[in-house]
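See structure below.
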Amino acid sequence: QLRLVESGGGSVQAGGSLRLSCTTSGATYKNYCMGWFRQAPGKEREGVAFIYIGGPDTSYADSVKGRFTISQDNAKNTVYLQMNSLKPEDTAMYYCAADLSGRWYLEAHPRDFDYWGQGTQVTVSS
């Protein structure tokens with residue numbers, strides 16, 4: 001059973017930066033997809049950024065391209081989301097998720113992911 005724990009959320013002003021971390025525990029897997037989703041009040045959960053553990057692939061939502069960077073540190077079993085040039089519209093609860101099927105998605109959907117963290121709040125003020 002894979003466990004995901006997020007950290008690093010908080011409140012910043014527009015233009016600021018935050019780095020989210022997602023650390024996995026409970027089992028060791030290779031070659032699977034991890035990523036970040038976010039959900040603002042009254043809106044559907046949407047994909048933000050994804051990375052293939054054990055490979056080079058990454059993907060980003062158009063709304064965050066050029067501002068967010070996803071990366072992995074396999075020695076620490078941790079995936080990071082560096083968020084720069086934050087905007088008020090980035091305000092949401094951010095969730096880390098994992099899909100162990102080995103598939104890579106051009107467009108990831110929450111239904112494709114089996115394991116989820118508890119979420120960390122990001123608030124960007126104008």
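Counting begins at 1 with the first residue of the sequence.
- The minimum heavy-atom distance between S21 and T78, with the atom names listed, is CB-CG2, 4.1 Å.
- To the nearest 0.5 angstrom, Y32 atom OH is 15.5 Å from R103 atom CZ.
- Looking at every heavy atom in both residues, V12 comes nearest to S17 through CG1-O, 3.9 Å.
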Donor-acceptor pairs under 3.5 Å, side chain of residues 56-63 to any protein atom, not counting sequence neighbours: which ones?
from : atom 1 : to  : atom 2 : distance (Å)
Y60  : OH     : I70 : N      : 2.9
D62  : OD1    : K65 : NZ     : 3.1
S63  : OG     : R38 : NH2    : 3.4

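- The shortest heavy-atom contact between R67 and D90 is NH1-OD2, 2.7 Å.
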Ignoring hydrogens and angles, write down the donor-acceptor pairs under 3.5 Å from the side chains of residues 108-118, residues two or more places apart or on other chains.
from : atom 1 : to   : atom 2 : distance (Å)
H109 : ND1    : R111 : N      : 3.1
H109 : ND1    : R111 : NH1    : 3.3
H109 : NE2    : R111 : NH1    : 3.2
D112 : OD2    : H109 : N      : 3.4
W116 : NE1    : F113 : O      : 3.1
Q118 : NE2    : E6   : O      : 3.3
Q118 : NE2    : E6   : OE1    : 3.4

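- The two residues L86 and L18 make their nearest non-hydrogen contact at CD1-N, 3.8 Å.
- No donor-acceptor contact under 3.5 angstrom links the side chains of T23 and N77, judged on distance only.
- Note on residues 64-126: pairs passing disulfide (SG to SG under 2.5 Å), not counting sequence neighbours, are C22-C96.
- Every residue meeting the side chain to side chain donor-acceptor pair (under 3.5 Å) condition with D99, not counting sequence neighbours, appears here in chain and number order: S101, Y105.
- Among all heavy-atom pairs drawn from A14 and P88, the shortest one is CB-CD, 4.1 Å.
- L4 and V122 fall within a single hydrophobic cluster, where Ile, Leu, Val, Met, Phe, Trp and Tyr are joined by side-chain heavy atoms under 4.5 Å apart, directly or via other members.
- A donor-acceptor contact shorter than 3.5 Å links the side chain of T91 to the backbone of V124.
- Among residues at least two apart or in separate chains, there is no ring pair (Phe, Tyr, Trp, His ring centres under 6.0 Å) pair with a member in residues 66-98.
- A disulfide (SG to SG under 2.5 Å) check over residues 30-90, counting only residues at least two apart or in different chains, returns nothing.
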